[in-house]
2 protein chains.
Amino acid sequence: MMMQSETPLLVKRHSGKNQTITMRDVAKSSGFSPATVSIVLNNAPLARYIAPATKKRIEEVAKKLGYRPNAMARFLRSKRSHSVGVMFFDITDPFCTPVLRGIENGLYQSSYVPIFADAHNQRNRFERYLEMLLEHHVEALIVVANWLFVDIQLLADLSKRNITAATIGWEMPGNDVSSVMVDNEAGGRLALEHLHHLGHRKIAFIRGPKMLIDSAPRWKGIQKFAHSAGLEIDPALVLQLPDSFDPNSGFEGGYRFTEELVQRKKRFTALMAFDDLTALGAIRALTKAGVKVPENCSVVGFDDVPLSSLSAPSLTTVRQPLEAMGNLAVNIVMEGVNAGLEKRDWNISRHKMNPELVIRDSTQAAVLSGSDD
Amino acid sequence: MMMQSETPLLVKRHSGKNQTITMRDVAKSSGFSPATVSIVLNNAPLARYIAPATKKRIEEVAKKLGYRPNAMARFLRSKRSHSVGVMFFDITDPFCTPVLRGIENGLYQSSYVPIFADAHNQRNRFERYLEMLLEHHVEALIVVANWLFVDIQLLADLSKRNITAATIGWEMPGNDVSSVMVDNEAGGRLALEHLHHLGHRKIAFIRGPKMLIDSAPRWKGIQKFAHSAGLEIDPALVLQLPDSFDPNSGFEGGYRFTEELVQRKKRFTALMAFDDLTALGAIRALTKAGVKVPENCSVVGFDDVPLSSLSAPSLTTVRQPLEAMGNLAVNIVMEGVNAGLEKRDWNISRHKMNPELVIRDSTQAAVLSGSDD
DNA sequence: GTCAGCGCTTGAAACGATTGAATAAAGATG
DNA sequence: CATCTTTATTCAATCGTTTCAAGCGCTGAC
């Protein structure tokens with residue numbers, strides 16, 4: 001039928017008429033001055049004094065003419081761009097999509113527009129984007145960074161320019177930027193508790209890379225629960241992922257480390273992975289080695305990224321409320337924006353959201369064979 | 001809505017000094033006029049005549065002062081916003097992430113900023129976002145829509161305002177908007193050819209929903225190959241997904257339909273799904289029914305979304321070059337933008353990208369048992 | 001009889017850049 | 001020496017809005 005684009009198709013002519021309807025047009029056509037039109041259409045404080053009939057007239061004319069305010073011109077005077085920078089460290093990470101959705105949705109409610117930026121985990125790209133966002137005078141900045149390198153520049157440039165910022169999935173060292181995270185410690189606890197309840201006692205762990213801020217608290221939650229439940233963690237069953245900039249490297253790491261664990265011939269009936277991707281890697285390695293999941297070994301992940309419910313077997317995991325986190329970040333920066341507008345002071349805030357255990361098919365009760373406990 | 005932010009933390013004061021460095025500052029500080037500064041910093045045509053020493057001076061001062069051009073003010077005169085609208089019909093679809101990456105990357109090369117919009121598959125949301133994008137005077141619009149409803153408004157509003165547009169994963173009926181798609185027919189052919197080469201003869205098919213533009217050509221490719229290879233398609237082994245607005249409904253559909261196929265007791269050694277999600281649903285159903293993939297039944301998908309390589313078993317599929325498609329769309333609209341700038345005419349173009357077969361673990365040679373062929 | 005207030009509206013100055021036309025000096029041409 | 005180019009820079013208008021201070025024609029109060 002059709003193939004490559006051999007077809008000449010339509011020719012777009014640059015139509016000379018660039019008929020934009022400006023506020024002056026509305027003014028002229030309604031018989032009032034631009035000032036009045038502006039006041040009415042923005043429902044500015046002064047609008048209290050405008051006669052209802054006038055308002056009605058102006059609004060009608062504006063609609064009839066199809067007037068659309070010019071965001072740029074408006075900014076020039078009011079300093080409000082109605083846009084927010086949304087910077088990802090790597091949108092490729094499945095963690096990010098629901099967060100993006102949450103942010104988008106939150107901004108939409110306030111008629112703000114998101115300017116999207118993706119640092120590709122590169123510092124210079126991050127800086128260049130920051131530059132561009134500043135040129136576009138975003139009113140706030142949201143940085144999504146679960147898997148990340150540190151960048152202190154952020155703080156300096158932003159608070160100097162008085163731009164509210166919030167981070168998701170990461171905290172600035174120091175106390176200067178609002179942040180939204182999951183309660184990793186509680187999450188670690190939840191996961192291990194689940195396995196323990198199912199009767200598992202010999203549990204392998206693949207810890208997250210040192211570099212990641214999530215790793216330590218998750219492990220802490222695990223240790224705390226283990227201690228309180230009298231569960232012994234066998235160091236020979238604990239491995240730690242290496243640092244990496246590739247958000248999908250967890251899969252590879254989970255695979256390799258699980259292979260290694262299996263070869264060690266140390267028996268374990270459950271495996272707890274740092275995150276979902278690692279868990280999926282682990283499952284593949286187990287399956288390949290002839291260990292059935294969950295019959296012979298339970299596996300639990302962390303995050304509940306979108307694909308976790310689709311994998312085979314579907315993954316038991318600790319859910320981060322990603323969309324809600326995106327939404328919350330929007331609320332936080334909006335609060336900052338409004339405070340700035342009203343010349344109030346406001347507080348930086350740091351949130352730890354509650355994780356939730358999602359039980360699916362990759363875990364089941366331990367088979368009691370011999371002297372397990 | 002807030003929870004555990006017990007810590008009072010830092011108080012952000014609205015620093016009264018909003019010390020923005022304007023072009024006038026650079027002019028004053030360098031001893032030249034704003035006009036000269038503008039000409040130099042933009043490397044405008046007139047810059048040919050500016051003395052090298054002057055250029056150097058101005059550039060130095062600009063850098064020293066940390067001057068950053070104000071995108072809005074610039075727009076007001078030059079009509080160039082350096083932004084592009086990027087509208088998704090549903091970012092939740094795993095198809096979208098690589099496309100977004102491709103677009104982002106393409107725009108970044110040209111120092112354009114993407115304004116992100118997600119219609120959530122809702123018409124009114126689409127229209128509202130279109131409105132917002134127009135208010136922000138994006139120079140072009142890219143619409144990503146694999147799973148979609150038709151909207152004719154787009155054409156009217158855009159070409160009236162002379163904004164270049166391109167669609168990805170979908171074509172406007174009529175010939176008015178550029179588009180980038182995969183060659184679905186070739187893809188369908190590739191997939192079936194693969195199964196045929198592996199010796200499969202009894203093949204089940206789950207076709208895509210009627211609503212989707214991709215469905216028909218994929219099926220056509222299948223039929224054409226079947227005919228040319230003398231392969232018979234058993235109508236009892238062909239099902240078609242219902243229309244739906246949920247991009248992830250394919251999984252559910254694949255699961256249910258495959259269950260049904262299995263129950264029909266019609267033997268098949270391979271299954272070809274409309275897309276990857278459908279394929280994953282199918283695999284789950286097969287596994288649950290005790291049919292091993294790929295040992296007892298091969299499964300092939302379409303798209304190669306990011307999770308396809310991570311599933312168990314990893315999925316053999318037909319890859320769409322999603323990132324490249326995003327990039328191409330950027331090139332197309334940029335061409336349009338430049339043409340408009342130079343008051344040239346230019347051509348709408350429609351591209352069909354070549355798909356690529358990716359062979360992974362969900363397919364293997366058919367077991368020849370009895371009289372298969 | 002002046003003044004303050006009222007209800008409604010507007011004039012005009014920004015905002016920070018770009019740009020076509022103008023200026024000015026220096027060198028080239030006849 | 002007058003005129004024309006070329007080079008180097010600037011003037012001033014403009015883009016579409018917001019916003020402050022002011023204006024209007026009144027009324028009622030001091």
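First the proteins, then the strands, lettered A, B, ... as listed; each starts at 1. Atoms considered below: every heavy atom in the structure, side chains included; atoms not considered: hydrogens, waters and symmetry mates.
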In residues 22-36 of chain A, what donor-acceptor pairs under 3.5 Å come from side-chain atoms, sequence neighbours left out?
{"residue": "A/Thr22", "atom": "OG1", "partner": "A/Arg24", "partner atom": "N", "Å": "2.9"}
{"residue": "A/Asp25", "atom": "OD2", "partner": "A/Thr22", "partner atom": "N", "Å": "2.9"}
{"residue": "A/Ser30", "atom": "OG", "partner": "A/Val26", "partner atom": "O", "Å": "2.8"}
{"residue": "A/Ser30", "atom": "OG", "partner": "A/Ala27", "partner atom": "O", "Å": "3.2"}
{"residue": "A/Ser33", "atom": "OG", "partner": "A/Ala35", "partner atom": "N", "Å": "3.3"}
{"residue": "A/Ser33", "atom": "OG", "partner": "A/Thr36", "partner atom": "N", "Å": "3.3"}
{"residue": "A/Ser33", "atom": "OG", "partner": "A/Thr36", "partner atom": "OG1", "Å": "3.2"}

What pairs with B/Asn331 under side chain to side chain donor-acceptor pair (under 3.5 Å), at least two apart in sequence or on another chain? none

Show every salt bridge (Lys or Arg N to Asp or Glu O under 4.0 Å) that has at least one partner inside residues 107-119 of chain B, sequence neighbours left out. A/Arg101-B/Asp118

Sequence neighbours excluded, which residues qualify as side chain to side chain donor-acceptor pair (under 3.5 Å) partners of A/Asn43? none

Listed partners of A/Arg80 passing side chain to side chain donor-acceptor pair (under 3.5 Å), at least two apart: A/Tyr112

What pairs meet the salt bridge (Lys or Arg N to Asp or Glu O under 4.0 Å) rule with one or both residues in residues 52-62 of chain A, with sequence neighbours excluded? A/Lys56-A/Glu60

Quick one: list whatever passes side chain to side chain donor-acceptor pair (under 3.5 Å) with B/Glu335, sequence neighbours left out. B/Arg344

Contact list for residues 162-172 of chain A, test salt bridge (Lys or Arg N to Asp or Glu O under 4.0 Å), sequence neighbours left out: A/Glu171-A/Arg350, A/Glu171-A/Lys352

Length of the line joining A/Asn42:CG and D/dT19:P, which is rounded to integer Å: 8 Å

Partners of B/Glu135 by side chain to side chain contact (heavy atoms under 4.5 Å, CB included), sequence neighbours excluded? A/Arg68, A/Pro69, B/Glu131

Give me the first and last nucleotide of DNA chain C, going 5' to 3', that has any atom under 4.0 Å from a heavy atom of chain A. C/dC8 to C/dG16

To the nearest 10 degrees, what angle separates the axes at the start and end of the helix from C/dG1-D/dC30 to C/dG30-D/dC1, five pairs each? 70°

Is the NZ or CZ atom of A/Lys79 positioned over A/Phe75's six-membered ring, under 6.0 angstrom from the centre and within 45° of the axis? yes

Once base and sugar-phosphate atoms are separated, protein heavy atoms under 4.0 Å mark nucleotides 5-16 of chain D, 5' to 3', with B, S and - as --SBBBB-BBBB

